[in-house]
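Below, each value reflects all heavy atoms present in this structure, side chains not excepted, and no hydrogens, waters or symmetry copies. On a predicted model such as this, the values are computed, not experimentally measured, just so you know.
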Amino acid sequence: TRLQGDWSSDVCSSDLNGEVATEIIFAIESRPISMVLFEKQLVIAGMNNTLHSFYLKGKKNFSLTLPSPIIDITKLEIKRS
């Protein structure tokens, strides 16, 4: 994953020969602060107090504007028995 100055994140994967198999660009409105990968989605926190969720194929899931600045995000897993 590479964060760029134009506020997009490029996600690439490669095959066994080292060639790029897929490239997906997640575009957001502000500079990214942090990102978390869940099972089927990528959540990116932006400097404009917004969480952006994208499916791994590149389609936007949701955007959520928060009332306070985002400092960092982390993944919290709760195992149910």
Would you say the side chain of [Y] lies within less than 4.5 Å of the side chain of [X], judging by non-hydrogen atoms?
X	Y	answer
Ile44	Phe54	yes
Ile73	Leu51	yes
Phe38	Glu77	no
Glu29	Asn48	yes
Leu42	Met35	yes

Do Ile71 and Ile28 share a hydrophobic cluster (ILVMFWY, side-chain heavy atoms under 4.5 Å, transitive)?
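Different hydrophobic clusters.
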Smallest separation among heavy atoms of Met47 and Ser30, with atom names:
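Heavy-atom minimum between the residues: N-OG, 3.1 Å.
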Between Asn61 and Gln41, what is the shortest heavy-atom contact and its length?
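That closest heavy-atom pairing would be ND2-OE1, 3.1 Å.
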For atom CG of Leu64, is the number of surrounding heavy atoms from other residues, nucleotides or ligands below 6.0 Å larger than 12?
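Enclosed.
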Lys75, NZ: over 12 other non-hydrogen atoms inside 6.0 angstrom
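Yes, the 6.0 Å shell around NZ holds more than 12 heavy atoms from other groups.
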Side chains of Thr65 and Asn49 only: does a donor on one sit below 3.5 Å from an acceptor on the other?
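Distance-only check fails for Thr65 and Asn49.
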